[in-house]
Amino acid sequence: LWPWLLASSGLSALVQLVTLPFFPDSPSYLLIQKGNEEACRKAIRKLWGEGDHQAEIDDIMKERAAMTSTKTLRVLEVIKERSLRWQLYILMTVMTTLQLCGINAIYFYSFEVFHTAKFEEYLIPYVSLGVGLCECLSSILCSTLIDRFGRKVLLWGGYTLMCSVLALLTMSLSLQHQFFWMHYFSVILIFLFVIFYGIGP
């Protein structure tokens, strides 16, 4: 079953490959990249129906003017540019914490935690699949929460909850030989960590 499950991701890629040529070009691409205003108007009518869409075209024209007046910087120029320094620091911090937040360790050791929790051997892959499904569902939930609370709140909240869960997980793994229920508590913490990771970072 697992080879078929892994191969199933190729099915969605094949569907995308076959249907992609039939998707219309976006109006902004046609106007900004191609410079074809007539094709842009046609694409807008196709997407939004007949009507006066001059306001949307004006917005795209403003975006085009802003892009032409903006200078494209090389990597070294971005690093040296003082006005971009804080944005660069924030971006580097977010990306570094994303890599070092512990999600890879959780995925790596979850199999062992499930085994220690006395799950049947044949059930462990399905529980691991449930962990991945949790991340997928929490990412979908994040897309609805981000408009309501903002990116900063989700990042702070996600990292705070992840730190708390990792502290509890460390404690539960240390005490798992003293209390029988600690194994199951560790499993719950793994699921919670993955959910908070999907919602936050």
Side-chain angles (χ1 to χ4, degrees), residues 4-101 103-104 107 129 131-159 162 194-201:
W4 288 103
L5 192 62
L6 288 170
S8 66
S9 60
L11 184 65
S12 62
L14 184 65
V15 169
Q16 289 178 41
L17 189 66
V18 171
T19 57
L20 197 59
F22 301 102
F23 281 93
D25 290 320
S26 71
S28 57
Y29 167 76
L30 290 168
L31 190 58
I32 295 170
Q33 302 293 328
K34 297 286 189 179
N36 191 338
E37 190 173 335
E38 185 53 41
C40 171
R41 288 180 185 277
K42 196 180 286 184
I44 285 175
R45 283 195 298 271
K46 193 173 183 180
L47 288 169
W48 297 324
E50 294 295 331
D52 184 23
H53 302 294
Q54 191 57 43
E56 286 83 1
I57 292 169
D58 290 342
D59 285 342
I60 297 170
M61 291 293 272
K62 284 176 192 171
E63 186 183 341
R64 183 185 184 186
M67 284 177 71
T68 51
S69 63
T70 305
K71 183 188 171 189
T72 305
L73 300 175
R74 295 192 182 100
V75 176
L76 283 175
E77 290 174 331
V78 170
I79 293 169
K80 290 175 184 175
E81 184 65 46
R82 282 188 171 274
S83 62
L84 301 174
R85 196 70 49 87
W86 274 109
Q87 292 94 318
L88 190 63
Y89 289 154
I90 290 167
L91 184 66
M92 286 171 64
T93 304
V94 169
M95 294 312 296
T96 305
T97 52
L98 191 62
Q99 292 300 315
L100 302 175
C101 69
I103 190 69
N104 294 326
Y107 276 125
L129 188 65
V131 171
L133 189 63
C134 262
E135 183 180 350
C136 181
L137 292 173
S138 59
S139 299
I140 293 167
L141 178 64
C142 174
S143 63
T144 59
L145 293 176
I146 199 164
D147 292 330
R148 193 171 192 179
F149 298 106
R151 188 72 180 144
K152 192 189 288 187
V153 172
L154 289 182
L155 275 173
W156 278 107
Y159 279 124
M162 285 163 64
V194 171
I195 289 168
F196 295 146
Y197 172 79
I199 290 173

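All values below come from the heavy atoms of this structure, side chains included, with hydrogens, waters and symmetry mates left out. Since the model is a prediction, treat every value here as computed from it, not as a measurement.
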Pairs touching residues 56-67 that satisfy side-chain hydrogen bond (donor to acceptor under 3.5 Å, both in side chains), sequence neighbours left out: Gln54-Asp58

Would you list the pairs meeting side-chain hydrogen bond (donor to acceptor under 3.5 Å, both in side chains) in which at least one residue belongs to residues 133-154, sequence neighbours left out?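 Matches after skipping sequence neighbours: Tyr107-Glu135.
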
Which residues pass the side chain to side chain donor-acceptor pair (under 3.5 Å) test with [X], sequence neighbours left out?
X: Glu37; answer: Arg41
X: Asn104; answer: none
X: Glu77; answer: none

To the nearest 0.5 Å, what is the distance between SG on Cys142 and CD1 on Ile199?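 Reported value, rounded in 0.5 Å steps: 7.5 Å.
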
Apply side-chain contact (heavy atoms from CB on, under 4.5 Å) to [X] and list each qualifying residue two or more places apart in sequence or on a separate chain.
X: Val78; value: Leu73, Leu84, Leu88
X: Cys101; value: Ile103, Tyr159, Met162, Tyr197
X: Asp25; value: Tyr29, Leu30

Are side-chain heavy atoms of Met95 and Met92 found at a separation under 4.5 Å? no

ring-ring contact (aromatic ring centres under 6.0 Å, His included) contacts in which one or both residues fall within residues 57-87, not counting sequence neighbours: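 Every pair satisfying ring-ring contact (aromatic ring centres under 6.0 Å, His included) with a residue in residues 57-87: Trp86-Tyr89.
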
Got a list of side-chain donor-acceptor pairs under 3.5 Å for residues 9-23, not counting sequence neighbours?
unit_1: Ser9; atom_1: OG; unit_2: Leu6; atom_2: O; d: 2.9
unit_1: Ser12; atom_1: OG; unit_2: Ser9; atom_2: O; d: 2.9
unit_1: Thr19; atom_1: OG1; unit_2: Val15; atom_2: O; d: 2.7

